[in-house]
Amino acid sequence: MYDPRNVEGKWYQFWEEQGFFHVEPDDPGEVFSVVIPPPNVTGSLHMGHALNVTLQDVLVRWRRMQGRLTVWVPGTDHAGIATQHVVEEMLAREGTDRRSLGREAFVERVWQWKERYGGIITRQLRRLGASCDWRRERFTMDEGLSRAVRQVFVDLYERGLIYQGNYIVNWCPTCATTLSDIEVEHEERDGKLYHIRYPLLGGDGYITVATTRPETMLGDTAVAVHPEDKRYEHLVGRYVVLPLVNREIPIIADDMVDPDFGTGAVKVTPAHDPNDFEMGQRHNLEQVQVIGLDARMTKEAGPYAGMDRYECRKALVRDLEAKGFLVKVEDHRHAVGQCYRCDTVVEPLVSKQWFVRMKPLAAPAIEAVKDGRVRFVPERFAKNYLHWMENIRDWCISRQLWWGHRIPVWTCQRCDHQFAAADDPAFCPNCGSEDLEQDPDVLDTWFSSALWPFSTLGWPEHTKDLERFYPTSVLVTGFDIIYFWVARMIFMGLYFMHKEPFRHVLIHGLVRDALGRKMSKSLGNGVDPLEVIEEYGADALRFTLVTGIAPGNDTRYQPEKVEASRNFCNKIWNAARFAMMNLQDYTPDGTDLRSLPLNLHDRWILSRLEWAAAEINRHLERFDLGEGARTLYDFVWSELCDWYIELIKPRLYGRAGEESRCTAQAVLWHVLETTLRLMHPYLPFLSEEIWQHLHRVTGTPLPVPSVMVASWPAPAGFRDEAAEEEMQALIEIVRGIRNVRAEKQVEPGRQITAILQAPGSRRGMLEEAVPYIQALARVGAVTFIDEAAPAPEQAVAIIAGGVQVHLPLAGLVDIEQEVARLEKELAETAQQLAAVNARLNNEGFVSKAPEHVVQRERQRQQELAEKERLLRQRLAELRS
RNA sequence: GCGGGAUUAACUCAACUGGCAGAGUGCUUCCCUUACAAGGAAGAAGUUCCGGGUUCGAGUCCCGGGUCCCGCACCA
């Protein structure tokens with residue numbers, strides 16, 4: 001039984017020590033380069049990583065074997081909020097917090113933490129077999145990448161593409177920082193719609209507004225209606241008195257108001273709602289901030305000051321009701337924005353933040369995808385990308401955190417001059433003062449990861465790596481970060497490198513649990529890949545993750561699937577053991593296999609192997625890793641193991657003479673060795689273990705030190721259609737006999753006799769195959785009779801592969817049963833034949849279908865007609 | 001509201017440019033046959049969600065509908 005535990009670690013260490021993962025930019029060859037989506041330093045490997053990394057590793061190992069100059073750049077992301085949280089929690093356990101530590105000391109603690117735990121995930125990637133070039137490992141906060149971040153910031157700042165402004169942003173009160181638009185998740189929730197009466201100034205009536213957030217009314221600075229709304233036309237321009245607050249605010253008309261929603265009149269709170277903010281700008285409305293950074297009411301909220309926003313809502317509604325302003329409260333389902341990190345309801349508020357002006361950056365990034373310089377696989381994701389890019393808003397990049405790239409902007413405390421600088425400045429370039437203050441905020445983590453494809457290669461230095469490996473060949477990532485990351489890499493890459501950062505984006509789905517649920521900490525349904533590796537091996541996990549997946553689609557993790565993969569590994573292991581047992585006295589001597597007296601099944605397996613190799617290659621080219629895996633599986637199990645190995649057993653045991661034995665050995669060696677290379681991208685450890693053994697056992701010097709640097713199988717002209725057709729017939733005959741044995745319940749050990757009636761075209765093949773039919777179908781004597789001869793008595797007839805096989809089974813043959821069986825088969829055959837005939841008699845089909853399709857149908861027609869003829873003949877004999 | 005997926009054997013999923021609907025698991029029967037019981041042999045199992053259409057031919061393309069899922073959106 002194969003035990004991966006004793007195998008995997010050893011080979012990974014060997015590969016890494018031998019430097020097989022590493023290449024130099026000066027090395028020759030067409031480039032295949034990949035950058036890993038950097039996992040969070042705080043993270044540990046989950047199934048999503050495992051899938052993502054396996055896909056990359058399969059592609060990388062395959063291309064490397066193909067001879068491409070292949071580099072896979074690994075690294076980790078500093079993950080601002082997540083990492084800061086982790087360290088803050090640690091501090092909390094120590095009974096302290098970051099504020100008592102102070103900024104510098106806190107950042108120092110985070111670095112310590114990173115040094116200590118940051119390596120966990122990269123070690124886990126090694127366990128999976130990831131063939132990353134670890135000498136190129138980077139971290140988004142290391143010196144080089146920080147330099148790149150500063151350079152980019154300064155550049156964009158100086159070109160006016162980064163600006164600072166007072167705008168409405170998303171604020172997470174728990175994380176105490178702003179969030180970009182995409183970091184806010186909208187979730188439908190049951191809420192209430194409050195209808196509140198706002199009295200007109202002058203006391204001659206009122207206007208009723210509807211809101212889901214009554215507490216924000218304290219910050220209302222207008223009421224808006226649609227300009228064409230007849231109901232309110234006469235009120236536009238008048239004022240209302242804000243209840244409880246007694247502020248006089250105008251009634252304005254704005255297109256944004258939907259007359260059909262609520263009462264058609266909307267309260268406007270420019271300081272706490274993005275739409276209201278815009279409306280406020282259009283109408284020059286005052287902003288009154290009534291909710292603070294701590295999600296408590298500010299002093300602007302008067303009597304409500306200090307209350308939490310939800311407490312305030314309750315109190316306010318009570319007061320409105322008491323004073324008769326509340327008209328009604330309706331149930332209302334609406335989307336509430338929540339922080340993607342901590343699920344806290346986000347508070348929109350106005351503050352001074354840094355933004356990236358997106359329109360000019362987005363335009364080329366849209367073009368690059370539209371004209372196919374960047375291709376999404378599957379293509380449909382391009383649509384999402386384009387839609388988002390085309391409707392993009394400016395990107396809020398400042399975060400009120402301490403862990404991250406600090407914004408490289410300084411303000412002179414003497415002359416107020418503000419400037420960005422790549423290097424920490426000693427004095428103000430304007431007035432020379434040394435009294436400078438740096439902006440306290442840090443950048444959105446995604447700002448640095450947006451640079452990843454070129455910053456990891458050395459930018460802003462003009463390195464050889466950058467020149468050789470950029471643009472990268474393919475980016476492999478999940479659909480969930482297309483906006484966060486992929487889109488941003490594309491515009492940054494185009495802007496700073498003038499070239500798209502990658503040619504293909506391979507998108508994969510989520511790994512869900514066995515019930516189809518998202519794996520999550522709160523559900524506790526996550527499966528730890530490391531535990532799976534411990535139990536089943538990395539190869540089994542890898543194979544599981546890539547089998548049966550289609551690009552972009554989610555997959556479910558089911559333990560049975562890993563078992564199936566583990567079994568596959570074991571199957572290969574046992575087949576290899578068998579092969580090696582029988583190859584101990586064999587050493588490949590470079591003889592061309594074609595010069596050997598090849599048997600039918602030799603030619604067949606060589607042909608099938610070559611077909612499988614071409615097929616796997618084709619699937620990999622198309623990023624169809626799942627189909628490639630399936631092809632490999634089917635070839636190894638259903639062809640190599642089930643048939644070829646069984647067929648050569650008599651030969652290997654010397655029953656067909658020494659020459660036949662040597663030939664079988666030569667073919668077996670070749671097929672196994674080639675198959676190991678074919679499987680290596682999927683099953684790196686197992687293939688290496690066997691490949692090394694195989695060479696040692698057969699005393700073959702290694703052509704290269706490892707299968708991972710061996711060459712990818714290339715076509716060698718072994719395709720043989722005739723052999724495949726004949727072998728197919730032989731398989732059908734063997735199966736036919738086995739089937740009859742099972743149906744007639746012939747004892748497994750009992751040998752039976754077979755009498756063959758075959759056309760001349762099959763005669764040679766069958767005569768050669770006699771010993772194999774005997775071995776595989778447990779047949780004793782095999783005799784041939786003339787095609788025209790009458791069928792033997794008391795025999796069951798099988799019509800398969802264009803051949804009649806008679807099995808005399810005295811005592812087991814019931815004529816009536818036999819007639820019934822053959823009639824059933826005849827009916828099926830006749831039906832199939834009728835369908836084929838109908839197709840071929842159809843003028844349209846013959847004239848319009850491609851030649852090879854018509855040809856195949858003709859072939860089939862012939863076979864079916866022959867089968868039908870033989871069945872009828874046999875039935876007639878039985879009935880006479 | 002707009003967009004996108006999914007829908008195929010009991011379960012989980014494949015099926016490239018339209019060309020004989022396939023695997024794995026499970027199920028039934030038999031077998032410890034000198035690589036492998038994590039195995040071998042044989043077998044049962046399908047209205048490809050429904051209804052139209054295009055086509056010689058549709059799981060695949062088009063139109064309409066059902067169910068489930070996911071994005072995006074300024075319904076306060």
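Throughout, protein chains are lettered first and strands after them, A, B, ... in sequence-line order, and every chain is numbered starting at 1. As the structure is a computational prediction, the values presented were derived from the model and not from experiment.
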- Task: Quickly work out the A:D273 CG to B:C74 C1' distance and round it to whole Å.
- Result: 8 Å
- So, is A:W637 close to the B:G40 phosphate, meaning a side-chain N or O under 4.0 Å from OP1 or OP2? yes
- Donor-acceptor pair between A:E183 and A:Y340 side chains, under 3.5 angstrom: yes
- Message: Which nucleotide wins on minimum distance to the side chain of A:R556, given the candidates B:G19, B:U12, B:C75?
- Response: B:U12
- Task: Answer yes or no: is there an ion pair linking A:R860 with A:E863, defined by an N-O contact shorter than 4.0 Å?
- Result: no
- Message: Can you tell me how the ring of A:F376 sits relative to the ring of A:Y385, calling it parallel under 30°, perpendicular over 60° and tilted otherwise?
- Response: tilted
- Message: Among B:U25, B:A38, B:G43, which nucleotide has an atom closest to any side-chain atom of A:N739?
- Response: B:G43
- Quick note, A:Y633 side chain, CB onward, closest among B:C31, B:G24, B:A15 is B:G24
- Query: Considering every strand shown, what is the Watson-Crick or G-U wobble mate of B:U60 when both distances are under 3.5 Å?
  - Reply: none
- Query: Any idea which of B:U33, B:G19, B:G22 is nearest the A:R778 side chain?
  - Reply: B:U33
- Provide, to the nearest angstrom, the distance between the CG atom belonging to A:D624 and the C1' atom belonging to B:U17. 14 Å
- Query: Per the atom types in the model, does the base of B:A41 pair as donor or acceptor with the side chain of A:R738 at under 3.5 Å?
  - Reply: no
- Message: Rounding to an integer number of angstrom, what distance separates B:G66 and B:U28 when you compare their P atoms?
- Response: 41 Å
- Message: When the C1' atoms of B:C50 and B:A14 are compared, how many Å lie between them, rounded to an integer?
- Response: 23 Å
- OP1 or OP2 of B:C74 less than 4.0 angstrom from a side-chain nitrogen or oxygen of A:R393, does that happen here? yes
- Is there a donor and acceptor pair closer than 3.5 Å between the side chain of A:Q745 and the base of B:A42? no
- Query: What nucleotide, of B:C20, B:C31, B:A35, holds the atom closest to the side chain of A:K649?
  - Reply: B:A35
- Item | pair A:Y232-A:V223: side-chain heavy atoms closer than 4.5 Å | no
- Item | Euclidean distance, atom CZ of residue A:F376 to atom C1' of B:G4 [Å, nearest integer] | 14 Å
- Does the side chain of A:N567 get closer than 4.0 angstrom to OP1 or OP2 of B:C36 through an N or O atom? no
- Here the distance between atom P of B:A73 and atom CD of A:E278, to the nearest Å, is 13 Å
- Query: Just checking A:V836: base, sugar-phosphate only, or nothing, at a heavy-atom cut-off of under 4.0 Å?
  - Reply: nothing
- Task: Examine the side chains of A:W669 and A:T698 and answer whether a donor and an acceptor come within less than 3.5 Å of each other.
- Result: yes
- Query: Under 4.0 Å between a side-chain N/O of A:R741 and OP1 or OP2 of B:A42, yes or no?
  - Reply: no
- Return the orientation label for the A:H332 and A:F261 ring planes: parallel under 30°, perpendicular over 60°, tilted otherwise. perpendicular
- Message: Could you tell me how far B:A21 sits from B:C13 if I compare only their C1' atoms? Round to whole Å.
- Response: 14 Å
- State whether A:N553 places a side-chain N or O below 4.0 Å from either non-bridging phosphate oxygen (OP1 or OP2) of B:C69. no
- Pairing partner of B:A44 (Watson-Crick or G-U wobble, both distances under 3.5 Å): none
- Integer angstrom distance from the C1' of B:A23 to that of B:C63: 33 Å
- Message: For B:A73 and A:H387 - does any side-chain N or O of the residue sit under 4.0 Å from the phosphate oxygens OP1/OP2?
- Response: no
- Donor-acceptor pair (no angle test) under 3.5 Å: A:R860 side chain, B:C20 base: yes
- Message: Distance check, P atoms only: B:C69 and B:A76, in whole angstrom units.
- Response: 22 Å
- Message: Is A:K267 close enough to B:A76 that one of its side-chain N or O atoms is under 4.0 Å from OP1 or OP2 there?
- Response: no
- Expressed in angstrom and rounded to an integer, what is the separation of A:F568 atom CZ from B:G40 atom P? 12 Å
- B:C72 and B:A58, which share atom name P, separated by this distance in whole Å: 39 Å
- Regarding the side chain of A:D642, the nearest nucleotide among B:A41, B:A76, B:A14 is B:A41
- Note on the structure: The side chain to side chain donor-acceptor pair (under 3.5 Å) partners of A:W573 (sequence neighbours excluded) come to none
- Query: Which base, if any, makes a Watson-Crick or G-U wobble pair with B:G71, both distances under 3.5 Å?
  - Reply: B:C2
- Message: For A:F479 and A:M581, find the nucleotide of RNA chain B closest to each by heavy atoms; which residue's nucleotide sits nearer the 5' end?
- Response: A:M581
- Message: Between A:N574 and A:R577, is there a side-chain donor-acceptor contact under 3.5 Å, judged purely by atom types and distance?
- Response: yes
- Task: May I ask you to verify if any side-chain N or O of A:Y653 is less than 4.0 angstrom from the OP1 or OP2 atom of B:A35?
- Result: yes
- Given B:A42, B:A35, B:U12, the nucleotide with the shortest approach to the side chain of A:R735: B:A42
- Query: What integer number of Å spans the P atoms of B:C49 and B:G39?
  - Reply: 32 Å
- Would one find more than 12 heavy atoms of other residues, nucleotides or ligands at under 6.0 Å from atom CD of A:Q831? no
- Note on the structure: Against the side chain of A:P748, the closest entry in B:C31, B:U34, B:G71 is B:C31
- Where each residue is assigned the nucleotide of RNA chain B containing its nearest heavy atom, which of A:M1 and A:H334 is assigned the position nearer the 5′ end? A:M1
- Item | Length of the line joining A:F578:CZ and B:G40:C1', which is rounded to integer Å | 14 Å
- Query: Rounded to the nearest Å, what distance is computed from the CD atom of residue A:E185 to the C1' atom of nucleotide B:C72?
  - Reply: 13 Å
- Between atom OH in A:Y536 and atom C1' in B:U25, what is the gap in whole Å? 13 Å
- With the side chain of A:R856 defined as its heavy atoms from C-beta on, choose the nearest nucleotide among B:A14, B:C20, B:A35. B:C20
- From the candidates B:A42, B:A15, B:G4, the one with an atom nearest any side-chain atom of A:A550 is B:A15
- Distance below 4.0 Å between A:R630 side-chain N/O and B:A23 OP1 or OP2: no
